[in-house]
Amino acid sequence: MELANWTEVSAFFLKGFSGYPALEHLLFPLCSAMYLVTLLGNTAIVAVTMLDAHLHTPMYFFLGNLSILDICFTSSFVPLMLVHLLSVQKTISFIGCAIQMCLGLSTGSTECVLLAVMAYDRYLAICQPLRYPVLMSHRLCLLLAGAAWVLCLLKSVAETVIAMRLPFCGHHVVSHFTCEILAVLKLACSDTSVNEGFLLVGAILLLPVPLAFICLSYMFILATVLRVPSAAGRKKAFSTCSAHLAVVLLFYGTVIFIYMKPKTKEARVSDEVFTVLYAVVTPMLNPIIYSLRNKEVKEAARKVWGRTWTSR
């Protein structure tokens, strides 16, 4: 391919919703409010799971990791997006774009793996209750969470480096509100088949594989719960899994809808609006789902709140 128009890239222009100023003014207060709720809700979950000794269990350890992931994910793009919604100059530096891309890939990938780990934890707790404390030890919890964070970070760094080393030419306008890797690859003036193949392998490993593992875990859980003789026991078992299932359905449902639907040649503003809402709404709803559906979290939050006011 001819590379005569290749130039050294110092910055990208994030197009976002620049053609719809009225929509930008509508999204700014909406996304600001949801981002604030996301920060407060997830920070509260992390604080409660750390401060209350009754929540020092594998289930809440992984829940705290999920909340940290949501904070990192939204903070990687929402603050800059809010600035761009009210400004004409919607640029991001080359290094800033690479960092944003890597953080987005890493946190999204880690959440896919972490949800599968949480399903495995629920499987052991319900299907192997007597052996659960031994099987899901503190060391194994640290190993599973650490492996998810580190391996997904290394994968994302590799994908980002390969993508950002490509020669870019033309207008350097990213048709997105963030440095999403597929949107950036469209600006490359060389063959991107290797990048796309690498991303496809990663997508298969992080979407269908964990989802199949989650479904298999809950099939065993359902079979075990249905054998519980008492209705109260069945209700308690279902209640411990309902919050996790709701988060799984919300996360995978929106991801599959966005990335698995037929692609159009031109980006539609409705797709980007849905992507914005998904990227901000899903992390906001996770702590709400877990706190409203979980009596232990609500009780622990009341204790921590009460101790805070008493100490004052």
Can you give each donor-acceptor pair under 3.5 Å made by side-chain atoms of residues 194-202, sequence neighbours left out, with the distance rounded to 0.1 Å?
residue	atom	partner	partner atom	Å
Asn195	ND2	Ile162	O	3.4
Glu196	OE2	Thr192	OG1	3.1

Quiz item: Excluding sequence neighbours, so at least two apart, what forms salt bridge (charged side-chain N to carboxylate O under 4.0 Å, His left out) with Lys155?
Solution: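 Once residues adjacent in sequence are excluded, the partners of Lys155 under the salt bridge (charged side-chain N to carboxylate O under 4.0 Å, His left out) criterion are Glu159.
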
Exercise. Check the side chains of Thr224 and Tyr123 for a donor-acceptor pair under 3.5 angstrom, ignoring hydrogens and angles.
Key: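 Looking only at side-chain atoms, Thr224 and Tyr123 do not form any donor-acceptor pair under 3.5 Å.
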
Throw together a table of side-chain donor-acceptor distances under 3.5 angstrom for residues 43-50, partners on residues two or more places apart or in other chains.
residue	atom	partner	partner atom	Å
Thr43	OG1	Leu39	O	2.5
Thr49	OG1	Ile45	O	2.9
Thr49	OG1	Val46	O	2.9

Self-check item: Verdict with reasoning, His172 to Phe13, per side-chain contact (heavy atoms from CB on, under 4.5 Å)
Solution: CA-CA 6 Å; His172 302 156; Phe13 180 87; over 6 Å; no

Quiz prompt | Any residue meeting disulfide (SG to SG under 2.5 Å) with Cys179, in chain and number order, not counting sequence neighbours | solution =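 Once residues adjacent in sequence are excluded, the partners of Cys179 under the disulfide (SG to SG under 2.5 Å) criterion are Cys97.
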
Going from [atom1] on [X] to [atom2] on [Y], what distance comes out if it is rounded to the nearest 0.5 angstrom?
X: Leu27; Y: Tyr20; atom1: CG; atom2: OH; value: 12.5 Å
X: Met118; Y: Ile214; atom1: CE; atom2: CD1; value: 9.5 Å
X: Trp149; Y: Thr107; atom1: CH2; atom2: OG1; value: 8.0 Å

Quiz item: Where do Gln100 and Leu80 land on the side-chain contact (heavy atoms from CB on, under 4.5 Å) test, with the steps shown first?
Solution: CA-CA 10 Å; Gln100 190 180 72; Leu80 184 61; 3.9 Å; yes

Taking all atoms of both residues into account, what is the closest heavy-atom pair of [X] and [Y], and its distance?
X: Leu187; Y: Val173; result: CD2-O, 3.3 Å
X: Ala203; Y: Pro208; result: O-CD, 3.3 Å
X: Cys31; Y: Leu82; result: CB-CD2, 3.9 Å
X: Tyr252; Y: Cys112; result: OH-O, 3.3 Å
X: Met59; Y: Arg122; result: CB-NH2, 3.6 Å

Per-pair distances, 0.1 Å, donor-acceptor, side chain in residues 132-145, under 3.5 Å, sequence neighbours excluded:
residue	atom	partner	partner atom	Å
Tyr132	OH	Asp121	OD1	2.5
Ser137	OG	Leu140	N	3.2

Exercise. Return each pair, listed once, that meets salt bridge (charged side-chain N to carboxylate O under 4.0 Å, His left out) where at least one residue sits in residues 10-22; pairs must be two or more places apart or across chains.
Key: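 Found none.
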
Quiz item: Looking at Phe12 versus Phe168, is the centre-to-centre ring distance below 6.0 Å?
Solution: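 Aromatic pair counts; centres sit under 6.0 Å.
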
